[in-house]
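Both backbone and side-chain heavy atoms feed into the values below; hydrogens, waters and symmetry mates do not. This structure is a prediction, so every number in the text was calculated from the model and none was measured.
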Amino acid sequence: MAETSLYGGITNRRITIRDLQLAKDRGERWPMLTAYDYSTARVFDEAGIPVLLVGDSAANVVYGYDTTVPVTVDELLPLVRGVVRGSSRALVVGDLPFGSYQASPQQALETAARFMKEGGCQAVKLEGGRRVVPQVEALVSAGIPVMAHIGLTPQSVNALGGYRVQGRGDEAAHRLLQAAKSLQHAGAFAVVLEVVPSEVAAQVTTALNVPTIGIGAGPDCDAQVLVWQDMAGLRSGKPAKFVKEYAQVGDVLRDAAGRFADEVRGGTYPTAEHSYS
């Protein structure tokens, strides 16, 4: 398994959707992180992260919007290009933003084609259950790999009544499972499950042949994804319940910026070591 595993095993080429499926088949779990620029993508790629998502979460962590709704295709495409250039191994997935695919399969195809041609990513992600099945079918038929996303779909936060757990109760859980099956049948190569009860996510994971990717969906999904600023402790405010902070990068950056400022003000930087003669 060491030669074929997603995390650190494949180093001479990019990860493909076939690799993800083979990992599901052999029971190998894998990590996914968001990335929005060249430098961060390079670090995560070198760390062995097999899938990088250029998420519409850039609306929050890059552009400072309150929700993901305002971010546009033209704002995301430069970020996709940077992540693709910064990685040589990871599968790069571009997130189709709100309003760029919901109108019709044709609109979805036109947007996804821009992400593939102009951005250079290897797959796209879109939110929604059965209502986006025609879009998924159109993209897959055109040769564009699609990652689906159900449960809490941030682009629909206004319709959902806020950031609430989805799939609670027998009826809601059944709808979620049927949506996942419909998306798999339409050709999605993976399904993100966001903020759903662990038991429901486990049921969906068992029922699907394609990988499930959890974010606030418990430990039984085939993969787990986090926004990298959440994972690394760079976000302000109280993190969501499902977030585990593996570092305090915000504190490190504040300390570095403060020490730099102190040395400039005190005249101790630059020294001869950092000057040209």
- Query: Should Leu208 and Lys181 be marked as a side-chain contact (heavy atoms from CB on, under 4.5 Å) after you check the CA-CA gap, both sets of side-chain angles, and the distance that decides it?
  - Reply: CA-CA 7 Å; Leu208 294 190; Lys181 288 181 176 179; 4.2 Å; yes
- Could you tell me whether Asp45 and Arg14 make a salt bridge, using a distance below 4.0 angstrom between a side-chain N and a carboxylate O? no
- Item | NZ/NE/NH1/NH2 to OD/OE distance under 4.0 Å, Glu110 and Arg114 |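 Salt bridge: no.
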Does [Y] offer a backbone N or O that forms a donor-acceptor pair with the side chain of [X] under 3.5 Å?
| X | Y | answer |
| --- | --- | --- |
| Gln184 | Val210 | yes |
| Gln21 | Thr16 | no |
| Thr111 | Ser100 | yes |
| Thr212 | Asp222 | yes |
| Gln135 | Tyr101 | yes |
| Glu75 | Ala58 | no |
| Tyr36 | Gly55 | no |
| Gln224 | Gly218 | yes |
| Thr34 | Trp228 | yes |
| Glu127 | Gln155 | yes |

- Among Arg26, Arg13, Lys24, salt bridge (Lys or Arg N to Asp or Glu O under 4.0 Å) partner for Asp19: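 Testing Asp19 for a salt bridge (Lys or Arg N to Asp or Glu O under 4.0 Å) against Arg26, Arg13, Lys24 leaves exactly one candidate, Arg13.
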Drop me the distance from [X]'s [atom1] to [Y]'s [atom2], to the nearest 0.5 angstrom.
| X | Y | atom1 | atom2 | result |
| --- | --- | --- | --- | --- |
| His149 | Glu194 | NE2 | CD | 4.0 Å |
| Asp95 | Asp56 | CG | CG | 4.0 Å |
| Leu76 | Ser57 | CG | OG | 9.0 Å |
| Leu109 | Glu137 | CG | CD | 13.0 Å |
| Met32 | Phe44 | CE | CZ | 12.5 Å |
| Asp230 | Glu245 | CG | CD | 7.5 Å |

For [X] and [Y], work out which heavy atoms get closest and say how close.
| X | Y | answer |
| --- | --- | --- |
| Met116 | Pro145 | CE-CD, 4.1 Å |
| Pro219 | Ser198 | CD-OG, 4.2 Å |
| Tyr7 | Gly48 | CD1-O, 3.3 Å |
| Thr271 | Ser275 | O-OG, 2.8 Å |
| Val146 | Leu139 | CG2-CB, 3.5 Å |

State yes or no: do [X] and [Y] share one hydrophobic cluster built from I, L, V, M, F, W and Y residues joined by side-chain heavy-atom distances below 4.5 Å, directly or via other members?
| X | Y | result |
| --- | --- | --- |
| Ile150 | Phe242 | yes |
| Val192 | Phe98 | no |
| Leu234 | Ile49 | yes |
| Leu33 | Val249 | yes |
| Leu91 | Val140 | yes |

Contact check, side chains of [X] and [Y], non-hydrogen atoms, under 4.5 Å:
| X | Y | result |
| --- | --- | --- |
| Ser236 | Gln229 | no |
| Thr268 | Asp262 | no |
| His174 | Asp170 | no |
| Pro211 | Trp30 | yes |
| Arg235 | Val243 | no |
| Asp220 | Arg29 | yes |
| Leu152 | Val165 | no |

- Going through the checks in order, is the salt bridge (charged side-chain N to carboxylate O under 4.0 Å, His left out) test met by Arg175 and Glu171? CA-CA 6 Å; Arg175 286 198 303 267; Glu171 183 178 348; 3.1 Å; yes
- Decide if atom CG of Asp25 counts as having more than 12 heavy atoms of other residues, nucleotides or ligands within a radius under 6.0 Å.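 Counting other residues, nucleotides and ligands, CG of Asp25 exceeds 12 neighbours.
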- Should we say atom CZ of Arg168 is surrounded by more than 12 heavy atoms from elsewhere, each under 6.0 Å from it? no
- His274 vs Tyr269 aromatic rings, parallel, tilted or perpendicular, using cut-offs 30° and 60°? tilted
- Hey, mind stepping through Leu77 and Val73 against side-chain contact (heavy atoms from CB on, under 4.5 Å) and telling me if it holds? CA-CA 6 Å; Leu77 281 176; Val73 171; 3.7 Å; yes
- Test side-chain contact (heavy atoms from CB on, under 4.5 Å) on Leu52 and Val84 and set out the steps. CA-CA 9 Å; Leu52 296 177; Val84 170; over 6 Å; no
- Among Ile213, Val200, Val204, find the one that has a side chain to side chain contact (heavy atoms under 4.5 Å, CB included) with Leu193.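 Passing option: Val204.
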- Message: Could you walk me through whether Arg131 and Gln102 satisfy the side-chain contact (heavy atoms from CB on, under 4.5 Å) test, starting with their C-alpha distance in whole Å, then the side-chain angles of each, then the deciding distance to 0.1 Å, before giving a yes or no?
- Response: CA-CA 9 Å; Arg131 62 182 173 81; Gln102 288 94 339; 3.9 Å; yes
- Could you check Asp251 against Arg254 for salt bridge (charged side-chain N to carboxylate O under 4.0 Å, His left out), going step by step and ending with a plain yes or no? CA-CA 5 Å; Asp251 292 343; Arg254 274 187 290 273; 2.7 Å; yes
